[in-house]
Amino acid sequence: MGLTRVPGLLFGGDYNPEQWPEEVWQEDVRLMAEAGVNLVTVAVFSWSRLEPGSGSYDFGWLDRVLDLLHAHGIAVDLATATATPPPWLVRAHPEVQPVDAAGTRLEFGSRQGYCPSSPVFRAATVRLARAMAERYRDHPALVMWHVSNEYADHTAECFCEESARDFRRWLQRRHRSLDGLNTAWGTSCWGQHYTDWTQVEPPRKAPGPVNPAQLLDWRRFSSDALLACFEAERAVLKEVTPDVPVTTNFMSVLRDLDYWSWAAAEDVVTDDAYPDPADPRAAVKAALSYDLMRSLKQQPWLLLESAPSAVSWRPVNVPKDPGVMRLHSLQALAHGSDGVMFFQWRQARYGPEKFHSAMLPHGGTGTRQWRETLALGADVRRLAAVAGSGTRAEVALLLDWDSWWGLEAPESMPSDRLRLHELLLSWYAPLHQRGVAVDLAPPGRDLSGYRLVIAPNLYLCTAGHAAALAAFPGQLVVGPFSGVVDAADQVHHGGAPGPLRDLLGVRVEEWRPLPDGAVQEVVTTDGTRLLARTWTEWLETAGDTEVLARYRGGPLHGRPAVTRRGAATYVSCLPEDPAPLLDAVLAAAGVTGVTGAGLPAGVEACRRGRHLFLLNHGTQPAAVELPADTAFTDLLTGRALPGGPVTVAPGDAVVLEARPATP
Ligand code: GAL
């Protein structure tokens, strides 16, 4: 069973017919059918058109859109339209607009201007979601509900009085008593001891650094407050249309929302991915976010938005070169997406996104963009057999939002240069380069299905996390500045890595962050030289802890840099390129890339079910070594390949299916 009842892979995009006269809709559906579009997302920002006055609805135009789409065989991911409150609601209830940390209430005139804790806003969204569900419950085009849009985009937090009250209720549930809160927040520091709940406020703009424990709870609360908005709408949709899957579109690797708890509340994970074509690391960053999406529910997911070419919201919006839209789309499929969807179908004539690319550009059908849209639609159809299949990864990277939030507290850390996304990428990039399949996992999960687990950083580490890691039988790698604080952001007694000390057999005496640009040499026992930047540590080791690498030069000269106790490796610095360390643990874990051999530079290899994707992001033809005894068919071209080396042209891809041996 796929993500929806649409067979094969999904192909399409956001469709905003309310921006166009109805005659244009006829052309839209005709061209959609020509391109092989089988799913469109409709009504994302349509609240003001669907409910032009409180409780008075105008569904007529949407009825006609859905009927027309259905008549042309196009299914609908129907938005609940609650992403932007309409003017009448905002003017009648100005308190639904969010307030920033400095106390400014943000004005109407953009989008997603709402306070997540506003009871007025929540009630209005639930009422509209119910009206939508009751109206379209039996509409044959409806295959998925799209709640709101990109929660935390524009408004990740609100500092108004209503949010403050909601925050206090959340804190009372978490800490039970004011004593509990005072202890957890360490309010004896800087004279913050509270004697009444009404004194507790969000971490608004203050003269100096705010209490990091308060900030950590605030980030937890802000993620939960938005999740409550999603869950309120979801509950209504599930009541009225229990069989229609419910999603909301995520924003790739995003700090603001704890996607583990969000994904648990969704039927289908969907993602919006906008890798910057001008970024040389675009492909590896996209791969990481796609692997996260696949890991969230351990099932296929859907790329619900991507840009056919340029976006409109960067300072410089570089278009995609010919072929790049295709390659990036195939990459999402390789990493477990069950379709390719875009923002948006038809390029807008007005509004802030009039220069954003679209499947059908201003120039119409006589354009390179349209030709590439048609060709991609055909490729997606050729890959139908991929739909529903999974990926088996033997390596997991740990990702924990509490820890991320704690690590990136402003103005109170030994260095603010430790950014979790970069730390994840520092291990992910060489794994990706080797064609090793990777899952992301939360630290408390049963990890026994993996051979190698890497925690690039686990700043916040509870006894539960430590127990899960101690129970893991495979190879474990833990990165620096881990095991530092508990769930309340209080430092573990006795030194880092706190509850991981026994497992790793090390104790950190001193953190020694490096100034920008400084380099620290590290040498492994076999003489391999690594260069560390940003961070180093003064380590003490237990008697049976092996030293795998030592610092060379400077105040740490001769001291342990990388250690190992049993199957647990600790890396106390940030090597520019951890490849030698990685190769050693991969070998110890018995993990290889999916092709079983090395990969030429720029080539990405992913196995999905019985299909092997090879994508050449480089500028040179690349020969990939495959087993000589297996013959393949390339699903994209129908070409039969005899086995042995396969050459992939620059910017091109092959999707290989093993052919049964002929007797
Ligand atoms: C997304 C958003 C879309 C559109 C797109 C443009 O963040 O969900 O509505 O604005 O960006 O890149």
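Every heavy atom of this structure was used, including side-chain atoms; hydrogens, water molecules and symmetry mates were not. Both ligands and their constituent atoms are indexed starting at 1 by order of listing.
- The single protein non-hydrogen atom nearest to atom 6 (C) of ligand 1 is His356 NE2, 3.1 Å, given as residue, atom name and distance.
- When hydrogens are left out, the protein atom nearest atom 3 (C) of ligand 1 is Glu305 OE1, 3.3 Å; that is the closest non-hydrogen contact.
- For ligand 1, one of its N or O atoms has an N or O atom of Asn149 under 3.5 Å away.
- Screening Thr80, Thr241, Asp77 for a side chain to side chain donor-acceptor pair (under 3.5 Å) involving Trp145 leaves a single residue, Thr241.
- In Met251, neither the side chain nor the backbone holds a heavy atom less than 4.0 Å from any atom of ligand 1.
- Per-residue contacts place Asp272 under 4.0 angstrom from the following atoms of ligand 1 (heavy atoms of the residue considered): 8 (O).
- Taking the six-membered ring for Trp, Phe250 and Trp301 have ring centres at least 6.0 Å apart.
- Under a cutoff of 6.0 Å and an axis angle of 45°, Arg346 and Trp20 form a cation-pi pair.
- Panel note: side chain Arg49, backbone Phe59; no donor-acceptor pair is recorded below 3.5 Å.
- Contacts of Gln112 with ligand 1, taken as heavy-atom pairs under 4.0 Å, are absent altogether.
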Show the atom names and distances, to 0.1 Å, of all donor-acceptor pairs under 3.5 Å that link a side chain in residues 29-39 to residues at least two apart or in another chain.
unit_1 : atom_1 : unit_2 : atom_2 : d
Asn38  : OD1    : Phe11  : N      : 2.7
Asn38  : ND2    : Leu9   : O      : 2.9

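- Screening Arg234, Glu266, His146 for a side chain to side chain donor-acceptor pair (under 3.5 Å) with Thr247, the sole residue that qualifies is Glu266.
- An N or O contact shorter than 3.5 Å links Glu353 to ligand 1 by distance.
- The atoms of ligand 1 that sit less than 4.0 Å from any heavy atom of Glu150 are 1 (C), 2 (C), 7 (O), 8 (O).
- Within the 4.0 Å heavy-atom cutoff, Gln344 does not count among the residues contacting ligand 1.
- For Asn616 and Asp652, the side-chain atoms include no donor-acceptor pair closer than 3.5 Å.
- Set against the non-hydrogen atoms of Phe45, the atoms of ligand 1 under 4.0 Å away are 9 (O).
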Intermediate values then yes/no, salt bridge (Lys or Arg N to Asp or Glu O under 4.0 Å), Arg219 and Asp258
CA-CA 9 Å; Arg219 287 183 165 156; Asp258 176 352; over 6 Å; no

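- Which parts of ligand 1 touch Arg111 is read off a 4.0 Å heavy-atom cut-off, strictly below it: atoms 2 (C), 3 (C), 4 (C), 9 (O), 10 (O).
- When only non-hydrogen protein atoms are considered, atom 5 (C) of ligand 1 lies nearest to Tyr274 OH, 3.3 Å.
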